[in-house]
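One structure is given here, and the rest of the page talks about it.
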Amino acid sequence: MEIFHIGAECYPVAKVGGLADVVGALPKYQNNSEHIVRVVIPHYDTAFIKENKFDCVHSGFVKLGNFNFPFTVQKEKKDNLGFELYLVEIPDLFDRKDIYGYEDDIERFLSFQIATLDWISTRNEVPDIINCHDHHTGLIPFMMLYANKYEKLRKTPTVITIHNSIYQGQFGFNKLYYLPDFDLSKVNFLEWNDKINSLASAIKCASAVTTVSPNYLNEINNSAYGLESLFNLARHKSKGILNGIDLEVWNPKTDKMLSTNYSTRNFEKGKQVNKEKLCYQFDLDPTKPLFSFIGRLLEEKGADLLPHIAALALSENFKQINFLFLGSGNTEIENQLSHLLASFKGNYNFFIGYNEELAHQIYAASDFLLMPSRIEPCGLNQMYAMHYGTIPIVRRTGGLKDTVIDIGDNGNGICHDQASIVDVCFSIQRAVNLYKDKKSLNKIRRKGMNTDHSWESVSLEYIEIYNLTIIKNEI
Ligand code: GLC
């Protein structure tokens with residue numbers, strides 16, 4: 001079958017968070033002799049674009065209300081990523097350094113969706129399935145069903161994969177005229193709480209809804225930033241599918257970003273070599289347990305707790321443990337984390353920013369990874385950590401609950417229920433005790449490394465959903 005994945009990010013082309021990792025990996029594992037998989041994202045001003053060659057396969061004008069933006073569709077020449085990659089270039093709107101965070105994000109992503117459908121609907125072939133990711137592509141199912149100019153795509157089933165329901169792509173009805181002409185009697189398929197809501201529209205219109213873990217699907221039936229009742233209504237066409245991790249990118253045996261590669265057979269030594277190098281670089285003590293955090297510094301990730309956790313744990317356990325944090329986001333959290341540097345020199349360090357290579361090195365070098373998330377639809381970091389022999393310390397929520405079981409229940413990590421300083425510090429104390437018992441520590445590390453989180457079987461679950469929606473559409 002011919003499958004399109006449409007999203008805002010795709011690793012290694014453009015990445016802010018886990019969405020990119022999924023859109024860069026799932027298609028690779030679906031692309032085989034039976035399926036041809038094409039990924040479409042906007043053309044941003046990123047390094048990948050300068051380092052690879054592209055062919056222009058389509059050009060046109062995207063109409064957004066009274067505006068007309070010229071656009072082209074560029075195909076990456078060699079399918080270097082293991083699937084066909086298409087970038088929609090709308091110079092006025094997307095040739096910028098950042099992916100999100102502009103005042104005209106609504107206009108940008110709406111234009112991207114319209115340009116993408118303009119192109120797909122002018123091709124000779126009609127795709128078998130369109131898999132949209134998150135709200136940036138949430139109006140595609142509606143437009144395919146009801147916009148006059150996309151009549152050709154009306155029978156193609158759509159899937160919306162929800163990576164995070166906090167972000168919904170809402171805007172006022174004053175911008176309704178941006179949309180291409182559509183059957184006005186269907187306007188209610190755009191609306192939620194008196195606004196146009198891209199994610200809500202996708203849930204209403206898509207043939208199927210997937211969330212990135214089974215537990216997250218259960219949670220959003222009770223708590224989903226105003227969309228709970230809609231998720232309940234869509235339950236019959238919804239499925240939670242746990243993300244995988246891309247073992248071509250995340251594998252301590254082959255990872256070129258590490259100082260030393262290692263496997264389950266020599267991980268103790270391998271991790272220690274990586275730890276010594278990183279501790280030297282960040283002025284930390286490699287004989288002490290290393291606790292790390294990697295990710296966006298947002299409240300949803302519990303990152304606001306980190307400065308307090310580090311300060312408390314270091315004053316109580318002073319000189320017993322090390323912390324190393326990597327991330328950027330909320331400036332207040334960044335400032336608080338920077339302030340700690342002076343007080344806990346030698347036991348604490350912080351790198352502000354996004355740094356893929358350093359992230360790999362931290363997974364390899366750390367003993368424990370903190371994930372005190374308030375919301376975590378799936379979470380990939382705990383899986384990367386386990387695969388690199390690092391024990392996750394997580395709050396039981398979303399996909400973290402599906403993947404991490406407490407060591408007290410013969411599991412693979414340390415769990416707590418509240419996103420609170422006390423709960424996390426108590427977990428750190430348990431980790432320090434575990435660290436002293438090398439035999440148990442290594443048993444749990446080995447267990448994590450042996451857990452199968454590969455995409456192979458997961459990608460088949462998606463294919464199964466596609467097949468079901470195709471059959472349903474044919475009836
Ligand atoms: C979002 C979610 C995260 C998930 C990722 C990939 O970033 O917050 O939990 O792992 O998408 O699906």
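Residue numbers count from 1 along this sequence. Counting starts at 1 for both ligands and their atoms, in listed order.
Sorted by first and then second residue, the salt bridge (Lys or Arg N to Asp or Glu O under 4.0 Å) pairs involving residues 217-239 (not counting sequence neighbours) are Lys239-Glu461.
Not counting sequence neighbours, the partners of His5 by the side-chain hydrogen bond (donor to acceptor under 3.5 Å, both in side chains) test are Gln30, His133. Considering only residues two or more places apart in sequence or on other chains, His35 meets the ring-ring contact (aromatic ring centres under 6.0 Å, His included) condition with none of them.
For Arg96 and Tyr102, the positive end sits near the middle of the six-membered ring, less than 6.0 Å away and at most 45° from its axis.
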Show me a pair-per-line table, with atom names and distances to 0.1 Å, of protein N or O atoms that are under 3.5 Å from an N or O of ligand 1.
residue, atom, partner, partner atom, Å
ligand 1, 7 (O), Arg296, NH2, 3.2
ligand 1, 8 (O), Lys301, NZ, 3.2
ligand 1, 9 (O), Glu376, OE2, 2.5
ligand 1, 9 (O), Pro377, N, 3.3
ligand 1, 9 (O), Cys378, N, 3.0
ligand 1, 9 (O), Gly379, N, 3.0
ligand 1, 10 (O), Gly379, N, 2.8
ligand 1, 12 (O), His163, ND1, 2.7
ligand 1, 12 (O), Asn243, ND2, 2.8

Assess the residue pair Tyr363 and Trp250 against the criterion (ring-ring contact (aromatic ring centres under 6.0 Å, His included)); give the C-alpha distance rounded to whole Å, side-chain angles, the decisive distance to 0.1 Å, and a yes or no. CA-CA 10 Å; Tyr363 287 117; Trp250 297 98; 5.5 Å; yes
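Closest heavy-atom contact between Leu297 and Ala303: CA-CB, 3.5 Å.
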